[in-house]
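Step one of this worksheet: look at the structure below.
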Amino acid sequence: MRWLVCSIVSLSLVLAVVGELLNSGDACKTPSGTAGICEPVKNCTYVRKILQSPDFSHYDTNYLETLQCGEMKIPMRKKPIPLLCCPKFGNAPTCGAQHIADRIYFGEETERGEHPWAALLFYNVGRNRTVPKCGGALVSERYVITAAHCTVDKPNWKLLYVRFNEFNTSSPDNCTTVENDEVICREDYAVETITPHPDYDMYNISRPNDICILRLASDVTFNDYVRPICLPFDLAIQQLPVADEIFTVTGWGETEERRPSDVQKHVDLPGLENEACNSVYAVANVTLTDRQLCIGGLNGSDSCRGDSGGPLMREVGGGWYLVGVVSFGARFCGTQNLPGVYTNIAKYLDWMETVMFVEQYL
């Protein structure tokens, strides 16, 4: 096994790398400074992904050696099991915070800085036409989460860039001056890689695994108007109830006027049991799994075309968390008792961690 190559690293090398031997479960940092947990290989998805790569080389061996942080002795086993500093996905310190103090159907206009992680995806749709068609959510300096159908289902569209702090899509001006002569500008970032979930199937009408990771070509500079939303790593947040709770969706999709909105809007919607969606969409042979969420069903209030890939959010303890991705809904948005369907972010954190760390460190 490839790991045997790494396991023969000397104790002196381990000590040189981490300064002291750690125990399983201890906090650690990788050589690049990323926070992690000292643990066995079998518990580290990130390392397993490297080991299983068909392109595994001696460079990977050397890199894995630098991650060693300690060893774990097992009764009846002669040799201890080596431990590695497994990078752990984490939220940015400023995630989920709003700058303001205090087809979204019948939504309210979103103030600047109210949902500063909201992203608008721009595509070349042919004939030199560049238009916004989907939404997304910034989750770190380099990554945006959107829907897989915003990329896989659009083979003839080229995703060009992601825009943050869009104030008016119909305005030719990139910057505006607001109170106190503050100049605020929209910011565009080119897309470097597009990674839809490997199990997404555009022909499955129920759209399971409708999630996609966009890696930007450069790091996003955080400010009051552009910053990431928190991911629900905390089990306490993942286990919060959905039914009868209030969630928020934001985007630039179609409004009650049947056209995309020039300005960002948001709407509050109630959570439902998945059975509510299964019962009304049974006629279309749609069945949700626990990796999806059923939200809405109010008359006149809904996400709509153009909001796909955008964030479904909930506020917990004053911070905002990304809990879902806009996936699909009724043909006529905002129809009473026809809720929308969203990808359940909590079910994809392991996959997101693997993709993001592999891209970042390999």
Side-chain angles (χ1 to χ4, degrees), residues 96 98 100 103-111 114-120 134-137 145-147 149-150 206-207 210-211 229-232 237-258 260-261 263-281 286 288-347:
Q98 297 175 311
I100 62 172
R103 174 171 114 164
I104 298 293
Y105 256 55
F106 286 101
E108 300 176 13
E109 280 197 18
T110 302
E111 297 182 38
E114 189 170 1
H115 296 303
W117 39 82
L120 189 56
C134 275
I145 302 301
T146 187
H149 80 263
C150 286
S206 297
R207 275 194 186 166
D210 190 10
I211 185 171
I229 189 170
C230 300
L231 289 166
I237 294 175
Q238 296 178 25
Q239 294 170 355
L240 288 173
V242 172
D244 301 321
E245 298 294 311
I246 297 299
F247 298 83
T248 302
V249 189
T250 188
W252 291 261
E254 286 188 14
T255 68
E256 60 276 11
E257 297 174 353
R258 306 286 180 179
S261 176
V263 297
Q264 183 183 352
K265 291 191 171 186
H266 64 271
V267 65
D268 292 338
L269 299 170
L272 304 170
E273 299 289 354
N274 278 7
E275 184 53 37
C277 281
N278 288 337
S279 61
V280 298
Y281 290 122
V286 168
L288 305 193
T289 71
D290 65 348
R291 296 163 76 88
Q292 293 167 290
L293 298 170
C294 183
I295 308 289
L298 301 181
N299 183 35
S301 296
D302 202 358
S303 55
C304 199
R305 284 169 292 277
D307 292 318
S308 289
L312 175 72
M313 309 166 286
R314 78 186 306 168
E315 187 177 12
V316 182
W320 285 86
Y321 290 82
L322 179 67
V323 294
V325 175
V326 179
S327 184
F328 70 94
R331 178 181 178 85
F332 297 103
C333 310
T335 302
Q336 183 78 28
N337 296 324
L338 288 181
V341 177
Y342 299 75
T343 305
N344 187 349
I345 285 289
K347 302 297 183 180

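When a residue number appears, it is its place in the shown sequence, counting from 1. Note that these values count all heavy atoms, side chains included, but never hydrogens, waters or copies made by symmetry.
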Thr343 side, atom OG1; Gln292 side, atom CD - distance, nearest 0.5 Å: 6.5 Å
Point-to-point distance, once rounded to the nearest 0.5 Å, from CD1 of Ile345 to CG of Leu312: 9.0 Å
Distance, nearest 0.5 Å, that separates CG of Asp268 from CD1 of Ile246: 6.5 Å
Atom pair NE2/OG of His149 and Ser308 - distance to nearest 0.5 Å: 3.0 Å
Cys134 SG to Trp252 CH2 distance, which is reported to the nearest 0.5 Å: 12.0 Å
Gly135 backbone acceptor or donor facing Thr146 side chain under 3.5 Å: yes
Residue pair Tyr281 / Val341, side-chain heavy-atom distance below 4.5 Å: yes
Trp117 and Trp320 aromatic ring geometry - parallel, tilted or perpendicular at 30°/60° bounds: tilted
Donor-acceptor contact below 3.5 Å, side chain Gln238 vs main chain Pro232: yes
Taking every non-hydrogen atom, the tightest pair across Cys150 and Gly309: SG-N, 4.2 Å
Donor-acceptor contact present, side-chain Thr250 to main-chain Lys265, <3.5 Å: yes
Heavy-atom pair with the smallest gap, counting every atom of Pro339 and Val280: CD-CG2, 3.9 Å
Where Leu322 and Leu231 come nearest, the two heavy atoms and their spacing: CD2-CD2, 4.0 Å
Heavy-atom closest pair, residues Gln98 and Glu114: NE2-O, 2.6 Å
Pairwise side-chain contact, Glu245 with Leu240, heavy-atom cut-off 4.5 Å (strictly under): no
Check against side chain to side chain contact (heavy atoms under 4.5 Å, CB included), Phe247 and Leu293: CA-CA 11 Å; Phe247 298 83; Leu293 298 170; 5.6 Å; no
Minimum heavy-atom distance Gly96-Cys230, with the two atoms named: N-SG, 3.6 Å
Contact summary for Ser327 and Arg207, nearest pair of heavy atoms: O-NH1, 2.8 Å
Spatial distance of atom OH (Tyr342) from atom SG (Cys277) [nearest 0.5 Å]: 9.5 Å
Side chain to side chain contact (heavy atoms under 4.5 Å, CB included) between Val249 and Leu269, worked out: CA-CA 8 Å; Val249 189; Leu269 299 170; 3.9 Å; yes
Short side-chain donor-acceptor distance under 3.5 Å, Glu315 and Thr248: no
Option from Asn274, Asn344, Val323, Ile295 for which side chain to side chain contact (heavy atoms under 4.5 Å, CB included) with Val242 holds: Ile295
